[in-house]
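Notes follow once the structure below has been shown.
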Amino acid sequence: MYPTIEQVNAASHEQICRWWRFSKSPGVDAIGRADFEQVLEREAAVMDRIGERLKEFGGFTPEISKHLGWD
């Protein structure tokens, strides 16, 4: 489940990196549903904000990347 914009705005650098690395593509869980367009729009806006916050934090650090891993 995607976080809210408010959660993204309040998140730590590490949490932003975690969402960036591990979140599914926007709308993927709504494929085939009647509300696909609404879910896609909402989740794309959240992912855009995650990307903005990631940039504000300066991106991934080697320490955060190592700590998060890839699984």
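The figures that follow rest on heavy atoms only: side chains count, while hydrogens, waters and symmetry mates do not. Along the sequence shown, the residues carry numbers beginning at 1.
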- Shortest non-hydrogen contact from Phe22 to Leu68? CZ-O, 3.7 Å

- Task: Provide the closest heavy-atom pair for Cys17 versus Gly59 in the form atom of the first, atom of the second, distance.
- Result: SG-O, 4.2 Å

- Query: Side chains of Ser65 and Arg21: is there a donor and an acceptor less than 3.5 Å apart?
  - Reply: yes

- Item | Inter-residue atom distance Leu54.CG - His13.NE2, 0.5 Å rounding | 6.0 Å

- Item | Smallest separation among heavy atoms of Val8 and Pro3, with atom names | CG2-CG, 3.8 Å

- Taking all atoms of both residues into account, what is the closest heavy-atom pair of Gly27 and Glu43, and its distance? N-OE1, 2.7 Å

- Item | Salt bridge present between Glu6 and Arg49 (N-O < 4.0 angstrom) | no

- Task: Could you pull out the closest heavy-atom pair between Arg53 and Ala10, with the gap in Å?
- Result: NH1-N, 3.9 Å

- Query: Shortest non-hydrogen contact from Ala44 to Pro26?
  - Reply: N-CB, 3.6 Å

- Item | Ion pair check, Glu52 and Lys55, cut-off under 4.0 Å | no

- Under a single-linkage definition using a 4.5 Å side-chain heavy-atom cutoff for Ile, Leu, Val, Met, Phe, Trp and Tyr, are Ile5 and Ile16 assigned to the same hydrophobic cluster? yes

- Task: Output the distance between atom OH (Tyr2) and atom CH2 (Trp19), rounded to the nearest 0.5 Å.
- Result: 11.5 Å

- Item | Flag if over 12 foreign heavy atoms under 6.0 Å of CD, Gln38 | yes

- Note on the structure: One should read off an interatomic distance between Gln7 CD and Thr4 OG1, to the nearest 0.5 angstrom, of 3.5 Å

- Message: One thing to verify: whether Glu63 and Lys66 come together as a salt bridge, which I'm taking to mean a side-chain N less than 4.0 angstrom from a carboxylate O.
- Response: no

- Taking it one step at a time, do Glu37 and Arg42 satisfy salt bridge (Lys or Arg N to Asp or Glu O under 4.0 Å)? CA-CA 9 Å; Glu37 291 295 330; Arg42 182 178 60 248; over 6 Å; no

- Task: To the nearest 0.5 Å, tell me how far Arg18 CZ sits from Ile50 CD1.
- Result: 12.5 Å

- Query: How far does CG of Leu40 sit from OG of Ser25, to the nearest 0.5 angstrom?
  - Reply: 10.0 Å

- Item | Atom pair CH2 (Trp20) and CD (Gln15), whose distance is rounded to the nearest 0.5 Å | 14.5 Å

